[in-house]
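Each chain gets a letter, A, B and so on, in the order its sequence line appears, and its residues count up from 1. What's counted below: heavy atoms across the whole structure, side chains too, no hydrogens, waters or symmetry copies.
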Number of protein chains: 2
Amino acid sequence: MSITVVGSVALDSITSNEGSVERALGGSAIHFSNAASLTSDVRIVGVVGGDFPFDDVRFLKDRGVDFSSVEVVEDGKTFFWKGRYEGDMNTAITEITDLNVFENFAPKLDGKAAASEFLFLANIHPALQDHVLQEKQGNPFVMLDSMNLWIDTTPDALDKVIRQVDGVILNDQEIRSFTGINNLLMAGKEILQRGPGYVIIKKGEHGVLAMSKDWIIVLPAIPLEKIVDPTGAGDSFAGALVGYLDRAGKLDQETWKLALLYATCVASFNVRDFSVAGIAGIKGQDITECFNSFKKYFFIPGDIDVTTHVTV
Amino acid sequence: MSITVVGSVALDSITSNEGSVERALGGSAIHFSNAASLTSDVRIVGVVGGDFPFDDVRFLKDRGVDFSSVEVVEDGKTFFWKGRYEGDMNTAITEITDLNVFENFAPKLDGKAAASEFLFLANIHPALQDHVLQEKQGNPFVMLDSMNLWIDTTPDALDKVIRQVDGVILNDQEIRSFTGINNLLMAGKEILQRGPGYVIIKKGEHGVLAMSKDWIIVLPAIPLEKIVDPTGAGDSFAGALVGYLDRAGKLDQETWKLALLYATCVASFNVRDFSVAGIAGIKGQDITECFNSFKKYFFIPGDIDVTTHVTV
């Protein structure tokens, strides 16, 4: 089994109450892969400039992340984002967005990527997501993320691609904005009616609401005393979720519950440090310890283990 | 065992997307009692005008709510509130607040009320809450609610009374505002350091976060397809919670988990109809059915029953 993610590979300069980092690893495909590679082989389809520090992603390669489908534009610069968090840390304040080589990103699925069992379309222009879908082979399980920019500017293109995927993952504000429905359950049902079998609504510090035509799952997030950097938390959540599903080989409600619970634990590590550092160094034992504490916070039976598939 | 609640008894005119009601039963003490009386005997300490429709509260009296400590000012008018809900239904837009006889409310605990095992200080001026505390007898378990008005205008008086109670129940915005701390876990810990043994943070549609010095509990709310009227949801939640604790006779983490879960179910009925109607007509069987559906949404073991103490 393997996962292909199509998305941004970036360098981020981030400031929060807890400090700052300069030109650290970022982008949706990086954060997704950082989490998904805890369980699975991951192939990134993306683009970087000649300035990209490939030495910094060695830890990802060691965990089975394949960068051979990342195009390198030698005379270009890598997507750069600078932002800061204040107050409740829920919303980033963007200071600089330099798309650079990402502006002309034309994702191509080579043979291996096209044949993956799981395909994750991270947050890029919906027309590009649609293009990728035309290149896939076989019948992969396809999940899609998006953002307010595309919901506001290209809602029809986004709708077209959403109707072709198996699962949609959005945050609460995004799904409300896209559907025009305030009630999250009804907004999710609206998406289900357009075709996808699964809708995952990320609610940040408030957890997650997931649904299919047959079931609903709600989980709180893990309360943390300190948030260092929430950048990439949603992508890490998605990566852990898809990674778990990829290894479990099943899509029944019980498997989704465990996958969402596992993703909740992994995403909680993302926010504990800047950039990829929160998840980069963790082992299965760390996730187990986090999960065992979380078990006591609500009603998870003591014998459940969500780290079965973790390979680090 | 019995519960005394000190708070407002009001008439509410409410408009939402689902319709409207005129001069319907409302106020914190009414909503609290509506839920608490599903399990327990409740005594209300409050004040109404000569216009109060005592016929309308017969169903509460039938469930063991004692109105004999509700002062009737014959030539006065009952506290009246008019408001409406729009959009995400999370925030009420106030159109009219006529305090009427509530403006000069001077709560007095008569013998029975003063000797209750549970005392709930609903949202009234903290100086009045403090005054009530001086009148209590014995060693009741005291919980306190408040609101932004008192947090903004009389923070010192609120702090003084918070330091004397056993439990504090606030919503997420209120506790952030009162403590000046954005992180809910840290805000709750700050309250614990001031004396109370338990802090309950209501997060509306996102559930509840509760904590003591020894444990943390997080629960999601029940996702609902339709919210008719959220007025009193927080007071119903508190009433169900205190009602459960009153009957359970224990305060360990497992009891709090079940009490919070039970309160989550009961509060979900509050928002399904206007005023008190959502909870007024329910039976234990309705709560059981709601709970059994909710069990499937996350990880509640099948053999748990939270309706043990329900007497309707």
Side-chain angles (χ1 to χ4, degrees), chain A residues 17-18 85-90 172-173 176 180-190 201 203-211 214-228 253-254 256-258 260-261 264 271 291 293-304 306, chain B residues 17-18 85-90 172-173 176 180-190 201 203-211 214-228 253-254 256-258 260-261 264 271 291 293-304 306:
Chain A
N17 295 335
E18 304 298 331
Y85 296 91
E86 292 174 355
D88 67 4
M89 307 280 283
N90 282 329
D172 44 359
Q173 292 170 317
R176 282 178 167 138
I181 298 171
N182 270 306
N183 183 292
L184 292 180
L185 209 51
M186 298 305 284
K189 286 196 170 187
E190 169 62 26
I201 306 172
K203 304 193 295 174
E205 66 169 324
H206 299 302
V208 64
L209 170 62
M211 66 191 83
D214 300 318
W215 48 252
I216 294 168
I217 299 170
V218 282
L219 291 178
I222 300 179
L224 295 173
E225 293 191 0
K226 194 167 79 171
I227 309 287
V228 174
Q253 185 183 9
E254 208 53 34
W256 274 94
K257 269 189 195 174
L258 296 174
L260 289 162
L261 203 49
T264 296
V271 306
F291 181 55
S293 299
F294 191 38
K295 274 182 183 173
K296 298 177 195 150
Y297 294 0
F298 70 142
F299 284 96
I300 308 164
D303 58 350
I304 289 188
V306 292
Chain B
N17 295 335
E18 305 297 332
Y85 296 90
E86 293 175 355
D88 68 4
M89 307 279 283
N90 282 329
D172 44 359
Q173 292 171 317
R176 283 179 167 137
I181 299 171
N182 270 307
N183 183 292
L184 292 180
L185 209 50
M186 296 306 285
K189 287 196 168 186
E190 169 62 26
I201 305 173
K203 303 194 294 174
E205 66 168 322
H206 300 301
V208 63
L209 170 63
M211 67 191 84
D214 300 318
W215 48 252
I216 293 167
I217 298 170
V218 282
L219 292 177
I222 300 178
L224 294 173
E225 292 192 0
K226 196 166 79 173
I227 310 287
V228 174
Q253 185 184 7
E254 209 52 35
W256 275 95
K257 270 189 194 172
L258 296 174
L260 289 163
L261 202 50
T264 296
V271 304
F291 181 56
S293 298
F294 192 38
K295 274 181 185 174
K296 298 176 196 151
Y297 293 0
F298 68 137
F299 284 95
I300 308 165
D303 59 349
I304 290 188
V306 293

Does a sphere of radius 6.0 Å around NZ in A:K295 hold more than 12 heavy atoms from other residues, nucleotides or ligands, not counting ones at 6.0 Å or beyond?
yes
Atom of A:I181, atom of A:M186 and distance for their closest heavy-atom approach
CG2-CB, 3.7 Å
Set of residues satisfying side-chain hydrogen bond (donor to acceptor under 3.5 Å, both in side chains) with respect to A:E86, sequence neighbours excluded
A:R84
I'd like to check A:V271 versus A:V228 (side-chain heavy atoms, cut-off strictly below 4.5 Å). Are they in contact?
no
Engaged part of A:E205 at the chain B interface, taking heavy atoms whose separation is under 4.5 Å:
both
Is chain B contacted by the side chain of A:K226, its backbone, both, or neither, given a heavy-atom distance below 4.5 Å?
backbone
When every non-hydrogen atom of A:I227 is compared with those of A:E18, the smallest separation belongs to O-CG, 3.7 Å
Qualifying residues under ring-ring contact (aromatic ring centres under 6.0 Å, His included), relative to B:F298, sequence neighbours excluded:
A:F298, B:F294
Using a cut-off of under 4.5 Å for heavy-atom pairs, which of A:A210, A:P220, A:S293 has the most such pairs with chain B?
A:P220
Go through A:R176, A:E225, A:M211 and name the one with the most non-hydrogen pairs under 4.5 angstrom from chain B.
A:E225
Using non-hydrogen atoms only, which part of A:I304 is less than 4.5 Å away from chain B: side chain, backbone, both, or neither?
side chain
Which bit of A:K257 is near chain B, if near means a heavy-atom gap under 4.5 Å: side chain, backbone, both or neither?
both
Counting heavy-atom pairs under 4.5 Å to chain A, which of B:L219, B:L184, B:L224 comes out on top?
B:L224
With a 4.5 angstrom heavy-atom cut-off, which part of B:L209 approaches chain A: side chain, backbone, both or neither?
side chain
Is A:L260 close to chain B through its backbone or its side chain, or both, or neither, when contacts mean heavy atoms under 4.5 Å?
neither
How are the rings of A:W215 and A:W256 set relative to one another: parallel (under 30°), tilted (30 to 60°) or perpendicular (over 60°)?
tilted
Between A:I217 and chain B, with a heavy-atom cut-off of 4.5 Å, which part of the residue counts as in contact: side chain, backbone, both or neither?
both
Measure distances from A:I222 to the heavy atoms of chain B and classify the residue's part below 4.5 Å as side chain, backbone, both or neither.
neither
Does A:E190 have more than 12 heavy atoms from other residues, nucleotides or ligands lying within 6.0 Å of its CD?
yes
